Q: 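Once you've had a glance at the structure underneath, I'll fire off some questions.
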Amino acid sequence: SLFVATTLVGNNLANYMTWKTRACPPEPGDRLLQKTPVGFDSSVGEIWYPLLTGTELVLARPGGQRDPEYLLRAIREHDITLFKAVPSQYRAMLMAGGLDRCPSLRLLFSGGEPLPTPVAAELRRITGARVINLYGPAEATVSATAFEFVGQPMGDQVPIGRAIDNVGVSLLDEAGTPVPAGVVG
C-alpha cells in the first residue's frame with residue numbers, strides 16, 4: 001500500500017507549523033527540549049515551533065537523545081512541557097522509570113515509527129499529558145497527519161489520524177488506485 005500526502009496550499013513547513021500552533025497553542029512557561037540532530041527532518045518542529053510561538057527552547061547535549069535517563073533528568077531539571085520522541089525512545093524512557101517525576105510535561109508528540117497503543121496509554125496514564133501521534137514522510141516536512149490519543153479503545157497501534165492543515169491524504173492500493181474511505185490502503 002502507498003500513502004500520499006499532497007500540499008494543498010503553501011509549503012509543507014508552513015502547513016505543519018500552521019497546524020501545530022493551532023492544534024497545540026503555546027502556554028506561558030512552555031519549554032521544548034530540542035534533542036533531535038538537525039540533520040533529521042523531525043528536528044524541524046523542535047526548532048520552528050519555539051521560534052514562531054516564543055516558547056523557550058532548551059538544547060539537549062549532543063548525543064543525549066540516545067540516553068533515556070539523561071532525557072528524563074533534562075525534562076525534570078528544565079521543567080520541559082513539550083517533548084517529541086519516537087515510540088522506541090518512549091518505551092526506553094518508560095523502562096528507565098521516572099516519567100512520573102516529570103510533572104511539567106503537558107504535550108507529548110510521537111512519530112517516526114508506529115505508536116503502540118499500550119505505550120501511548122502508559123504515557124498518558126503516568127504523565128497526564130496530551131499524547132499526539134504524528135505521521136508523514138520526510139517529503140511532507142515531518143508530518144502530514146495527526147491523531148490525539150485520549151485513551152479510547154483501539155487496536156494494537158494508535159491510528160495515524162487525519163490530515164493536518166492544508167494537506168490532503170490519499171491511501172492507495174497496490175495498483176496505485178485510491179481506496180474508498182474506511183478501506184485499508
Side-chain angles (χ1 to χ4, degrees), residues 16-17 19-21 23-136 138 141-143 145-161:
Y16 180 54
M17 289 296 104
W19 168 81
K20 194 168 187 179
T21 56
C24 309
E27 292 184 2
D30 269 348
R31 291 188 176 129
L32 186 144
L33 183 62
Q34 200 280 315
K35 50 125 189 81
T36 306
V38 296
F40 289 94
D41 65 338
S42 64
S43 69
V44 170
E46 291 179 348
I47 295 167
W48 281 98
Y49 182 85
L51 287 171
L52 292 170
T53 64
T55 295
E56 186 175 338
L57 179 64
V58 177
L59 298 175
R61 73 170 192 233
Q65 78 278 6
R66 292 190 288 266
D67 182 351
E69 291 176 6
Y70 165 76
L71 293 173
L72 290 162
R73 195 168 49 255
I75 290 168
R76 281 192 306 274
E77 290 175 5
H78 299 286
D79 292 322
I80 299 301
T81 58
L82 310 169
F83 186 76
K84 181 179 181 188
V86 295
S88 55
Q89 201 169 35
Y90 279 127
R91 190 176 297 115
M93 292 170 73
L94 287 165
M95 289 175 56
L99 271 170
D100 58 332
R101 296 186 309 276
C102 299
S104 59
L105 288 171
R106 72 172 190 87
L107 191 51
L108 301 174
F109 295 99
S110 181
E113 303 167 355
L115 176 58
T117 299
V119 171
E122 192 70 359
L123 289 170
R124 187 158 165 76
R125 184 188 70 75
I126 290 173
T127 67
R130 292 174 64 194
V131 176
I132 298 179
N133 189 35
L134 301 171
Y135 175 80
T141 310
V142 187
S143 300
T145 66
F147 182 87
E148 183 167 357
F149 177 82
V150 293
Q152 68 274 34
M154 57 183 54
D156 293 342
Q157 296 176 358
V158 175
I160 64 170

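A quick note: this is a predicted structure, and the numbers were derived from the prediction, not measured.
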Q: Leu134 versus Trp19: any side-chain heavy-atom pair under 4.5 Å?
A: yes
Q: Where do Val119 and Pro87 come nearest, in terms of heavy atoms and distance?
A: CG1-O, 4.5 Å
Q: Let me confirm one number: the CZ-CD distance from Arg106 to Glu27, rounded to the nearest 0.5 Å.
A: 3.5 Å
Q: Which value, rounded to the nearest 0.5 Å, describes the distance between Arg31 atom CZ and Glu56 atom CD?
A: 4.5 Å
Q: Using side chain to side chain contact (heavy atoms under 4.5 Å, CB included) as the criterion, list what pairs up with Ser42, not counting sequence neighbours.
A: Thr36, Phe40, Lys84
Q: In Å, rounded to the nearest 0.5 Å, how long is the span from CG of Leu51 to CD of Glu46?
A: 12.5 Å
Q: Quick one, Val86 and Ser110 - any side-chain contact, counting heavy atoms below 4.5 Å?
A: no
Q: Find out whether Thr117 and Phe149 are in side-chain contact, i.e. whether some heavy atom of one side chain is under 4.5 Å from a heavy atom of the other.
A: yes
Q: Could you measure the distance from the CG atom of Asp67 to the NZ atom of Lys35? Nearest 0.5 Å is fine.
A: 13.0 Å
Q: Restricting to side chain to side chain contact (heavy atoms under 4.5 Å, CB included), what partner residues turn up for Gln157, sequence neighbours left out?
A: Pro114
Q: Just jot down the side chain to side chain contact (heavy atoms under 4.5 Å, CB included) partners of Pro68, sequence neighbours excluded, or say none.
A: Ala92, Met93, Ala96
Q: Quick one: list whatever passes side chain to side chain donor-acceptor pair (under 3.5 Å) with Thr55, sequence neighbours left out.
A: Thr53
Q: Please output the side-chain donor-acceptor pairs of residues 69-77 that fall under 3.5 Å, not counting sequence neighbours, one pair per line with the distance.
A:
residue, atom, partner, partner atom, Å
Tyr70, OH, Arg61, N, 2.8

Q: For Pro159, enumerate each residue passing the side chain to side chain contact (heavy atoms under 4.5 Å, CB included) test, keeping only those at least two apart in sequence or located in another chain.
A: Phe147, Met154
Q: Taking all non-hydrogen atoms of both residues, which atom of Ala120 and which atom of Val158 are closest, and how far apart?
A: CB-CG2, 3.7 Å
Q: In Å, rounded to the nearest 0.5 Å, how long is the span from CZ of Phe109 to CG of Asn133?
A: 11.5 Å
Q: We want to know whether Ser88 and Glu113 form a side-chain donor-acceptor pair, criterion being a heavy-atom distance below 3.5 angstrom.
A: yes
Q: Heavy atoms, side chains only, cut-off 4.5 Å: are Val131 and Leu115 in contact?
A: yes
Q: Heavy atoms, side chains only, cut-off 4.5 Å: are Pro26 and Tyr49 in contact?
A: yes
Q: How about Leu99 and Leu123: do any of their side-chain heavy atoms sit closer than 4.5 Å?
A: yes
Q: Is there side-chain contact between Ser143 and Tyr135, with heavy atoms separated by less than 4.5 Å?
A: no
Q: CG of Asp156: more than 12 outside heavy atoms within 6.0 angstrom?
A: no
Q: How many angstroms lie between atom CD of Glu122 and atom CZ of Arg125, to the nearest 0.5 angstrom?
A: 4.0 Å
Q: If you define the side chain from C-beta out and look only at heavy atoms, does anything of Leu33 sit under 4.5 Å from Leu57?
A: no
Q: Can you name the nearest heavy-atom pair linking Leu108 to Ala129, along with the distance?
A: CG-CB, 4.0 Å
